[in-house]
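Notes follow once the structure below has been shown.
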2 protein chains.
Amino acid sequence: MGLQAISANSLPAYKDEHLVFDFAGKAVVLDGARMMLTHKEYELLALLVQHAGEIIPRGALLLRIWGYSSEIRTRTLDVHIRRLRKKLGAYAERYIETIFGIGYRFQPYRAQQFFQATAAEPIALGA
Amino acid sequence: MGLQAISANSLPAYKDEHLVFDFAGKAVVLDGARMMLTHKEYELLALLVQHAGEIIPRGALLLRIWGYSSEIRTRTLDVHIRRLRKKLGAYAERYIETIFGIGYRFQPYRAQQFFQATAAEPIALGA
DNA sequence: GCCCCATTTTACAAAAGTTTTACAGAACCG
DNA sequence: CGGTTCTGTAAAACTTTTGTAAAATGGGGC
């Protein structure tokens with residue numbers, strides 16, 4: 001029965017102490033409870049997690065997820081980031097960093113203890 | 001005696017605390033009472049039950065049961081889902097989940113206790 | 001033809017999701 | 001500091017999707 005139940009572009013799942021991100025099953029589990037994410041929220045978080053540790057510029061996020069070419073001024077991205085942070089609960093700030101003037105970065109749970117960050121160096125990332 | 005040879009698509013019957021789905025006999029029993037389903041209702045529920053736990057996109061349902069190729073806008077599926085839910089009575093929402101923007105999913109009776117169910121759930125998936 | 005009944009369509013209401021607006025607040029720069 | 005730019009946030013506005021009732025359609029049997 002080729003019912004094609006929800007296609008799966010399989011990447012190795014991301015996993016740390018609190019968060020399990022199953023790209024194949026498009027399921028995210030936080031501390032054992034399934035995170036209920038909308039499409040856009042899922043896509044946004046997935047993109048960040050796939051590039052864990054890297055800074056992703058606002059422009060890149062807006063392009064990849066919204067198809068917006070640069071030079072569109074909108075708060076949409078921020079609103080979605082906010083909702084993700086809300087759903088990430090206590091770990092919100094730890095997982096999703098704001099890189100002022102550049103974009104955002106998903107940080108694996110443990111990673112932050114090694115770099116006691118003052119802030120973030122504006123590491124460039126190709127759009 | 002069994003002149004009724006085991007029909008070709010005899011799948012093992014689905015069964016849980018309240019619902020018994022006998023594919024071979026095309027009979028559905030809910031809390032001991034036979035559910036009277038029309039042909040389309042039966043096909044729809046059967047397809048969902050056969051893939052219990054999986055999300056089945058609207059497009060797949062419309063294709064498999066109605067032969068509709070995509071890009072036909074119709075509320076027929078929704079109407080049938082509604083009638084099924086009505087006949088499922090109190091268990092309706094528990095058995096048939098709506099996955100917003102994607103499709104529907106039949107959930108075995110017990111399964112939901114693992115994921116705390118607040119309400120209808122928008123599990124996100126890429127489109 | 002007429003009736004019955006399953007099914008589909010129509011039309012609108014309700015719900016869920018997304019974007020925009022408006023402004024507060026934080027970070028940067030001189 | 002004072003000005004400027006950028007981000008956070010809540011709430012409103014908007015869009016899309018689903019739910020629902022009711023009417024229309026269509027096929028079989030009488």
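Sequence lines set the chain letters: A, B, ... in the order given, protein chains first and strands last, and positions in each chain run from 1.
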Other than B/V29, which residues form its hydrophobic cluster under the rule that side-chain heavy atoms must be closer than 4.5 Å?
B/V20

Taking atom P of D/dG27 as reference, at what distance in whole Å does atom NE2 of B/H39 sit?
17 Å

Whole-Å distance between D/dT7 P and A/E97 CD?
14 Å

What is the distance from OH of B/Y42 to P of C/dT7, rounded to the nearest Å?
14 Å

So which heavy atom on A/L61 is nearest to which on A/W66, and how close?
O-CE3, 3.7 Å

At less than 4.0 Å, is any side-chain N or O atom of B/W66 found next to OP1 or OP2 of C/dT8? Yes or no.
yes

A/T38 side chain N/O closer than 4.0 Å to the phosphate oxygens (OP1, OP2) of C/dA16?
no

Round to a whole Å and report the spacing from CZ of B/R83 to P of C/dT7.
7 Å

Check whether any side-chain N or O of A/T74 sits under 4.0 Å from OP1 or OP2 of C/dT20, and answer yes or no.
yes

Among A/F106, A/F23, A/Y109, which residue meets the ring-ring contact (aromatic ring centres under 6.0 Å, His included) test with A/Y14?
A/F106

Tell me the interatomic distance from A/L61, atom CG, to C/dT19, atom P, rounded to whole angstroms.
13 Å

Does a side-chain N or O from B/H80 land closer than 4.0 Å to OP1 or OP2 of C/dA6, or not?
no

Residue list, side-chain hydrogen bond (donor to acceptor under 3.5 Å, both in side chains) with B/Y42, at least two apart or on another chain:
none

d(A/L48 CG, A/R105 CZ) to nearest 0.5 Å is 11.5 Å

Return a single string for nucleotides 13-20 of chain D, one symbol per nucleotide in 5' to 3' order, where B is base contact, S is sugar-phosphate-only contact and - is none, cutoff 4.0 angstrom on heavy atoms.
----SBBB

How close or far is atom C1' of D/dC6 from atom CZ of A/R73, stated in whole angstroms?
12 Å

Any side-chain N or O of A/K86 less than 4.0 Å from the OP1 or OP2 oxygen of D/dT9?
no

A/L77 CG to C/dT19 C1', in whole Å, measures 12 Å

Mind calculating the distance between CD (A/E43) and P (C/dT19) to the nearest angstrom?
10 Å

Got a salt bridge between B/R58 and B/D78, using NZ or NE/NH1/NH2 to carboxylate O under 4.0 Å?
yes

Exercise: identify the closest heavy-atom pair between B/K87 and B/L30
O-CD2, 3.6 Å

